[in-house]
Amino acid sequence: MKQKAFDCVEMKRQAQARLMAAYNARESEFSSYAEFIRETAATDPKIRAFRERIAAAQRDPAGDKALIDG
């Protein structure tokens, strides 16, 4: 069997573990895990930029091309 260079399941597991650890460290600041995720995403520059690109693509008649070229 060929060895995979990238394991997306393991990557997802690690990302979820990091998020849960961050939530557990700041749990008293949020009413729920969902609120933590929303607030964390709202303050992350990469996620903000991604959301802005999505919004621009939805407004632009070129649509998907804006995402591919951006």
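Side chains are part of it too, since the values below use all heavy atoms of this structure and drop only hydrogens, waters and symmetry mates.
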So the side-chain hydrogen bond (donor to acceptor under 3.5 Å, both in side chains) pairs with at least one residue in residues 27-36 (sequence neighbours excluded) are Arg26-Glu29, Ser31-Glu35

Checking one residue: Ile47. Which other hydrophobic residues are in its cluster under the side-chain 4.5 Å linking rule? none

Inter- and intrachain pairs under side-chain hydrogen bond (donor to acceptor under 3.5 Å, both in side chains), touching residues 14-23, at least two apart: Glu10-Gln14

Any chance you could measure Arg13, atom CZ, to Asp7, atom CG, to the nearest 0.5 Å? 9.5 Å

For residues 41-52, which residue pairs pass the salt bridge (Lys or Arg N to Asp or Glu O under 4.0 Å) check, not counting sequence neighbours? none

